[in-house]
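Input: a single structure, listed below in structure tokens.
Just so it is clear, the model here is predicted, and its values are computed rather than measured. Within every chain, numbering begins at 1; the chains are lettered A, B, ... in the order of the sequence lines, protein sequences first and strands thereafter.
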There are 2 protein chains.
Amino acid sequence: MASGDRRGPYICGIDAAMDVVSGKWKSLILWELDNYGTRRFGELKRGLPGVSEKMLVQHLREMEQDGLVHREVYREVPPKVEYSLTEHGRSLNEALGPLGEWGQRRAERLAAEAPTGSP
Amino acid sequence: MASGDRRGPYICGIDAAMDVVSGKWKSLILWELDNYGTRRFGELKRGLPGVSEKMLVQHLREMEQDGLVHREVYREVPPKVEYSLTEHGRSLNEALGPLGEWGQRRAERLAAEAPTGSP
DNA sequence: TTCGATACTGACCTGAAGGTAAGTATTGAG
DNA sequence: CTCAATACTTACCTTCAGGTCAGTATCGAA
């Protein structure tokens, strides 16, 4: 399954962190929630162009289980659910900072090397 | 294919970095090479218990293409090939540091929460 | 009575990541 | 002549992350 048994015995810290971040949209979700503080399901969906509802729900559930995300349900009609980061989620986002900067530099380097696809 | 077109248009830095690190053994390869400086193919294989030769070759090729790894071939018999990190590879490993520490802390927390599986 | 809004859930399918295992090339040792 | 050692290569197969799409529950508005 896609979100079954995890928290396996880890070989190293990277492994343990990757277990939690791997997932097509997870780092983006992390960034959205860190940036906006609190987001409703529909807002997240609109903020992540291309994400399917299924994956968004699945990722959010896993991140909740992993203690990264807090889920607040308002018993209203139509339904309202708000997501936000926990302390762990925020610290993970911080830990991802240097990696993001490295990737940024790499992207810039690639753009400089092949501006139009080398015609 | 497993290593075909990459370097796609990235949504953010994390995306660009993940494109390069995602792969079951890549962070481990990074660590091995950073730790030992230079490793032969067979040494890497023995240092990463469970890796298949196919995946090791494939990952090393991709990392070479991505400018993370340098490959030095000695024209001898039997063959000898030495792998080492480039400057980019080393900086990536550094950027992964905080993430590794976060994962380490997470692993410790998990171990403290469920020592024997909550019997 | 039907529709729209919201936050899901479930069945089904595809592609790609990764595993297994056998084959290749070269040459010195026995 | 055969074998061992090294660094691969190739073919085939399984698994699973992720996509599509349809359905559900609830209530107010029209």
Side-chain angles (χ1 to χ4, degrees), chain A residues 1-8 11 15 18-29 32-33 36 38-66 69-84, chain B residues 1-8 11 15 18-29 32-33 36 38-66 69-84:
Chain A
M1 58 206 70
S3 59
D5 49 329
R6 287 135 47 76
R7 302 141 194 276
I11 335 182
D15 190 21
M18 283 300 185
D19 184 25
V20 145
V21 195
S22 71
K24 193 166 176 182
W25 308 92
K26 288 195 179 172
S27 55
L28 277 306
I29 294 174
E32 276 271 317
L33 292 182
Y36 290 96
T38 290
R39 292 294 258 175
R40 295 184 58 176
F41 182 83
E43 291 174 332
L44 278 173
K45 190 185 152 191
R46 274 173 247 120
L48 306 177
V51 72
S52 66
E53 296 192 346
K54 178 199 161 195
M55 283 318 296
L56 186 51
V57 176
Q58 194 177 111
H59 280 168
L60 286 169
R61 290 283 183 284
E62 291 180 16
M63 295 171 78
E64 195 190 353
Q65 277 210 338
D66 288 334
V69 160
H70 172 71
R71 181 165 176 264
E72 187 77 33
V73 182
Y74 297 83
R75 297 197 38 68
E76 307 174 358
V77 168
K80 177 181 172 184
V81 179
E82 281 185 350
Y83 294 93
S84 54
Chain B
M1 58 205 68
S3 59
D5 50 330
R6 289 137 44 80
R7 301 142 195 275
I11 335 182
D15 191 20
M18 283 300 185
D19 183 25
V20 146
V21 194
S22 70
K24 193 167 176 183
W25 307 93
K26 287 196 179 171
S27 55
L28 277 307
I29 292 174
E32 276 270 319
L33 291 182
Y36 289 96
T38 290
R39 292 293 257 176
R40 295 184 57 176
F41 182 83
E43 291 174 332
L44 278 173
K45 191 184 151 190
R46 274 173 247 118
L48 307 177
V51 73
S52 67
E53 295 192 348
K54 178 198 161 193
M55 283 318 296
L56 186 51
V57 175
Q58 194 176 111
H59 280 167
L60 285 169
R61 289 285 184 282
E62 291 180 17
M63 295 170 79
E64 195 191 353
Q65 276 211 340
D66 289 334
V69 159
H70 173 70
R71 181 165 174 264
E72 187 78 31
V73 181
Y74 297 84
R75 296 197 40 67
E76 307 173 357
V77 169
K80 177 181 173 185
V81 179
E82 281 185 350
Y83 293 92
S84 55

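- Summarising the geometry, the separation between CG on A/L48 and C1' on D/dG19 is reported as 16 Å, rounded to the nearest angstrom.
- Side-chain nitrogen and oxygen atoms of B/R61 include at least one within less than 4.0 Å of the OP1 or OP2 phosphate oxygen of D/dT9.
- Sequence order on DNA chain D of the closest nucleotides to B/F41 and A/V51 puts B/F41 first from the 5' end.
- The closest side-chain heavy-atom distance from B/R39 to B/E32 is below 4.5 Å.
- Going from atom CG of A/L60 over to atom C1' of C/dT9 covers 15 Å, rounded to whole Å.
- Considering only heavy atoms from C-beta on, B/E43 comes within 4.5 Å of B/R46 through its side chain.
- Nucleotide C/dA7 holds its P atom 9 Å from the NZ atom of A/K80, rounded to whole Å.
- Proximity of B/R40 to the phosphate of D/dA7: a side-chain N or O atom is located under 4.0 Å from OP1 or OP2.
- Contact annotation: A/R75 does not reach the phosphate of D/dC27 (side-chain N/O to OP1 or OP2, under 4.0 Å).
- Judged as a side chain to side chain contact (heavy atoms under 4.5 Å, CB included), and not counting sequence neighbours, the contacts of B/K80 are B/R40, B/Y74, B/E76, B/E82.
- When the side-chain nitrogen and oxygen atoms of B/K24 are compared with OP1 and OP2 of C/dG19, one or more of them lie within a distance under 4.0 Å.
- Across all their heavy atoms, A/M55 and A/V51 have their closest contact at CB-CG2, 4.4 Å.
- Rounding to whole angstrom units, CD of residue A/E43 and C1' of C/dA5 are separated by 14 Å.
- One interatomic measurement links the two molecules: CE of A/M55 to C1' of D/dC16, which rounds to 11 Å at whole-angstrom precision.
- Considering only residues two or more places apart in sequence or on other chains, A/E53 meets the salt bridge (charged side-chain N to carboxylate O under 4.0 Å, His left out) condition with A/K45.
- Take A/E64 and apply the side-chain hydrogen bond (donor to acceptor under 3.5 Å, both in side chains) test, not counting sequence neighbours, and it matches no residue.
- In terms of heavy atoms, A/S27 sits closest to A/V21 at CB-CG1, 4.4 Å.
- Nucleic acid contact class of A/Y74 (heavy atoms, under 4.0 Å, all strands): none.
- Closest non-hydrogen pair, B/D15 versus B/I11, comes out as OD2-N, 3.0 Å.
- By the side chain to side chain contact (heavy atoms under 4.5 Å, CB included) test, B/V57 is found to be paired with B/F41, B/R61, residues two or more places apart in sequence or in another chain being considered.
- Comparing the helix axis at one end of the helix from C/dT1-D/dA30 to C/dG30-D/dC1 with that at the other, each defined from 5 consecutive pairs, gives an inter-axis angle of 40° (nearest 10°).
- Under 4.0 angstrom from either OP1 or OP2 of C/dA17 there lies no side-chain N or O belonging to B/W25.
- Rounded to whole angstrom, the span from the OH atom of B/Y83 across to the P atom of D/dA7 amounts to 8 Å.
- Between B/H59 and C/dG18 there is a side-chain N or O to OP1 or OP2 distance below 4.0 Å.
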Quiz item: How does protein contact run along nucleotides 21-30 of chain C, one letter per nucleotide 5' to 3', with B for base contact, S for sugar-phosphate only, - for none, heavy atoms under 4.0 Å?
Solution: -----BS---
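- In this structure, CD of A/Q58 is placed 14 Å from P of C/dC8, rounded to the nearest angstrom.
- Considering A/L48, A/L44, A/I29, A/V69 in turn, A/I29 is the only one that fulfils the side-chain contact (heavy atoms from CB on, under 4.5 Å) rule with A/H59.
- In this structure, B/K45 places its NZ atom 14 Å from P of D/dT9, rounding to the nearest Å.
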